[in-house]
Amino acid sequence: MSKCPFSGKAVNPTTLTSSNGAPVADDNQSRTAGPRGPVTFDNHYLFEKLAHFNRERIPERVVHARGSASYGTFTLTKSLSDYTIADFLQKEGQKTDVFLRFSTVGGGQDSSDYARDPRGFSVKFYTEQGNWDMVGNNTPVFFLRDGIKFPDFIHSQKKNPRTNLPDPQAVYEFWANNPQSLHQSTILMSDRGIPLSYRHVNGYSSHTLSFWNNAGERYWVKWHFKTNQGIKTLTSEEAAKMPAYGAQQDLVESIDNGDFPSWTVNVQIMTEEEARNYRINPFDLTKVWPHSDFPLIEVGQLELNRNVDNYFAETEQAAFAPSNLVPGIGASPDRMLQARLIAYQDAHRYRIGANYNQIPVNAPRCPVHNYQRDGAFAGVNPALAGSGANFYPNNRARLGEPAEIPEVQEPPMPLEQDAWLDIYDNRDEDNYSQAGDLYRIMSEDQKQQLVNNIADGLSQATQDVQEAMFVQYDLADSDYGARVREAVASK
Ligand code: NDP
Ligand code: HEM
């Protein structure tokens with residue numbers, strides 16, 4: 001016997017009820033006017049079932065619609081207290097609950113887990129000072145360095161609006177017109193473009209984020225989550241034979257079997273002074289910080305150890321946002337990141353509603369006290385469970401109502417001196433060196449896979465697009481260019 005959460009009375013758990021809690025006499029047959037007659041208007045229970053069914057779907061994410069997630073633990077192995085006041089990064093051995101959602105990017109909810117596509121790697125850290133979301137990918141860079149291009153980029157990579165089919169012309173036409181995509185598209189077309197499973201991917205913040213400490217000093221930071229299962233990948237041919245749901249199955253079954261996947265967590269740290277003098281723009285999302293300049297510092301372990309109980313309630317309603325920051329962790333001038341700071345909360349309000357942070361998977365594990373009120377599905381209004389003041393400042397803050405904490409004010413963000421508000425052309429920043437660096441560290445087999453994968457799509461594009469792409473590959477590395485030309489010609 002369980003207890004009714006409202007009355008406290010014992011309830012027989014086998015009693016089927018309507019959504020208002022009333023026992024249901026028959027869930028198999030509607031009320032009809034005679035044994036062969038039509039259903040009548042008093043069938044409110046039938047209407048409730050059908051009406052609720054009609055509303056079972058929420059809009060799927062406009063990108064990263066297909067995903068899998070589970071809960072786990074982040075264990076700090078190196079204190080970062082010199083760099084940040086973030087409360088979960090202070091003491092070695094500290095543990096923080098996390099929720100990690102993996103995803104593909106371009107396909108709908110029922111697309112294949114084995115698309116050649118980046119894999120999303122979103123981690124929600126439930127810290128005692130609020131949720132920190134690291135909404136990254138399995139790649140250290142991205143296709144773009146300015147958020148204004150994001151909708152055009154995604155349109156070009158999704159299905160053709162007329163045929164609803166993949167469109168290699170659009171994919172390569174966008175890249176031909178945007179050489180800044182070359183580094184990321186080289187990763188995508190490499191052997192790493194189709195991971196064997198979510199357990200076999202690295203995760204990266206990709207963006208430069210920041211730490212700030214008690215002395216008001218700021219450090220620029222990139223996060224790297226290296227898979228302890230090793231990178232494992234599939235060729236396009238192998239991927240085509242896999243069941244669409246294979247990565248979801250792999251994640252659920254490995255955790256159910258106690259084979260918990262884990263990642264070694266590292267950071268790269270740059271001082272403000274180093275950033276000012278660095279030869280590479282440290283806030284350009286199309287670039288990495290070479291390890292030889294900024295070595296990885298190991299700081300923790302992340303383990304996934306609990307599957308969700310309900311896919312819709314938890315994985316589908318999960319709402320990650322780069323703006324979910326906590327004291328000690330801040331953003332950076334990266335203009336892609338700046339665009340994302342606004343985009344995600346807006347997406348959640350559209351997809352799940354204004355109170356999406358009250359849904360259990362999104363709700364902070366620490367108390368939430370503020371003066372926001374009401375709205376659809378407001379479970380409990382915050383601040384003294386909704387009965388306290390609903391405005392601020394108020395005279396009651398002294399008596400325990402929520403009040404500001406000036407100590408968590410982020411240090412000021414430096415601006416370039418003599419900066420003018422204007423549109424600055426950043427298209428010709430070096431688009432090629434790091435794509436070339438990547439090409440040059442590849443084995444012979446990886447280079448072969450890369451050029452073949454490129455040729456599969458590029459050979460279906462028009463000649464002007466092919467020529468523009470050949471020039472880009474040449475500029476990255478002349479051998480890269482020569483081999484792609486050859487592979488396209490042989491198709
Ligand atoms: P390093 O030789 O120090 O590091 C190379 C990195 O490349 C390793 O972290 C390795 O990751 C990763 N890597 C190897 N093959 C691939 C592939 N096919 N796709 C993506 N990543 C791969 O060199 P640098 O730091 O000077 O970087 C050289 C190039 O390596 C960069 O231009 C970038 O493309 C790539 N890279 C760099 C990273 C960085 O933060 N510096 C991070 C990831 C990639 P792993 O240990 O997982 O095998
Ligand atoms: C999901 C927008 C760039 C990683 C999303 C969603 C939107 C979005 C609207 C769906 C959110 C939801 O409905 O829950 C944008 C915009 C970008 C951008 C406008 C550029 C300005 C990036 C970059 C990365 C990234 C650069 C990685 C480095 C992700 C991930 C998800 C996601 C991992 C899935 C989150 C989840 O698991 O629920 N993005 N995105 N995005 N984005 Fe972006």
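Note that ligands are numbered from 1 as they come in the structure, with each ligand's atoms numbered from 1 the same way.
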Measure across [X] and [Y] and return the closest heavy-atom pair with its distance rounded to 0.1 Å.
{"X": "Met413", "Y": "Ala331", "value": "CE-O, 4.0 Å"}
{"X": "Ile187", "Y": "Pro140", "value": "CD1-CD, 3.9 Å"}
{"X": "Ile269", "Y": "Glu274", "value": "O-OE1, 4.4 Å"}

Around [atom], find the nearest protein heavy atom and jot down its residue, atom name and distance.
{"atom": "atom 4 (C) of ligand 2", "value": "Arg340 NH2, 3.2 Å"}
{"atom": "atom 30 (O) of ligand 1", "value": "Ile441 CD1, 3.6 Å"}
{"atom": "atom 7 (C) of ligand 2", "value": "Val63 CG2, 3.7 Å"}
{"atom": "atom 27 (C) of ligand 2", "value": "Asn137 ND2, 3.1 Å"}
{"atom": "atom 40 (N) of ligand 2", "value": "Tyr344 OH, 2.7 Å"}
{"atom": "atom 19 (C) of ligand 2", "value": "Phe150 CD2, 3.4 Å"}
{"atom": "atom 48 (O) of ligand 1", "value": "Arg192 NH2, 2.7 Å"}
{"atom": "atom 36 (C) of ligand 2", "value": "Arg101 NH1, 3.1 Å"}
{"atom": "atom 32 (C) of ligand 2", "value": "His64 CD2, 3.1 Å"}
{"atom": "atom 43 (C) of ligand 1", "value": "Pro140 CG, 3.4 Å"}
{"atom": "atom 8 (C) of ligand 1", "value": "His291 CE1, 4.0 Å"}
{"atom": "atom 31 (C) of ligand 1", "value": "Val288 CG2, 3.7 Å"}
{"atom": "atom 18 (N) of ligand 1", "value": "Ser190 OG, 3.4 Å"}
{"atom": "atom 28 (C) of ligand 2", "value": "Ser206 OG, 3.5 Å"}

Counting only heavy atoms, which portion of [X] has something under 4.0 Å from ligand 1: side chain, backbone, both, or neither?
{"X": "Asn202", "result": "side chain"}
{"X": "Trp289", "result": "backbone"}
{"X": "Thr139", "result": "neither"}
{"X": "Lys222", "result": "neither"}
{"X": "Pro290", "result": "both"}
{"X": "Asp191", "result": "side chain"}

Is the number of heavy atoms from other residues, nucleotides or ligands within 6.0 Å of CZ (Arg57) greater than 12?
no
Where ligand 2 meets [X] - atom numbers and elements under 4.0 angstrom, heavy-atom basis:
{"X": "Val62", "answer": "9 (C)"}
{"X": "Gly120", "answer": "33 (C)"}
{"X": "Ala339", "answer": "21 (C)"}
{"X": "Met336", "answer": "20 (C), 21 (C)"}
{"X": "Gly136", "answer": "27 (C), 33 (C)"}
{"X": "Gly147", "answer": "21 (C)"}

For [X], counting its heavy atoms only, list the atoms of ligand 1 lying under 4.0 Å from any of them.
{"X": "Tyr204", "answer": "43 (C)"}
{"X": "Gln434", "answer": "32 (O)"}
{"X": "Lys226", "answer": "9 (O), 11 (O), 45 (P), 46 (O), 47 (O)"}
{"X": "Asp437", "answer": "32 (O)"}

Cut-off 3.5 Å, side chains only: do [X] and [Y] have a donor facing an acceptor?
{"X": "Arg306", "Y": "Ser70", "value": "no"}
{"X": "Asp445", "Y": "Gln449", "value": "yes"}
{"X": "Ser197", "Y": "Asp250", "value": "yes"}
{"X": "Tyr439", "Y": "Asp479", "value": "yes"}
{"X": "Glu298", "Y": "Asn266", "value": "no"}
{"X": "Asp97", "Y": "Thr73", "value": "no"}
{"X": "Asn310", "Y": "Glu314", "value": "no"}

Less than 3.5 Å between some nitrogen or oxygen of [X] and one of ligand 2, yes or no?
{"X": "Arg61", "value": "yes"}
{"X": "Arg351", "value": "yes"}
{"X": "Ser122", "value": "yes"}

With rounding to the nearest 0.5 angstrom, report the CH2 to CG distance, Trp289 to Leu296.
11.5 Å
For the CZ atom of Phe283 and the OG atom of Ser210, what is their distance to the nearest 0.5 Å?
9.0 Å
Can we say [X] and [Y] salt-bridge, meaning some charged N sits less than 4.0 Å from an Asp/Glu carboxylate O?
{"X": "Arg276", "Y": "Glu273", "answer": "yes"}
{"X": "Lys149", "Y": "Asp152", "answer": "no"}
{"X": "Arg66", "Y": "Asp113", "answer": "yes"}

Measure centre to centre between the rings of Phe99 and Tyr126, then say whether the value is under 6.0 Å.
no
Suppose we screen for ring pair (Phe, Tyr, Trp, His ring centres under 6.0 Å). Which residues come up paired with Tyr172, at least two apart in sequence or across chains?
Trp175
Taking only residues at least two apart or on different chains, which pairs with a member in residues 327-339 satisfy side chain to side chain donor-acceptor pair (under 3.5 Å)?
His207-Asp334
Have a look at ligand 2 and work out which part of Leu285, if any, has a heavy atom under 4.0 Å from it: side chain, backbone, both or neither.
side chain
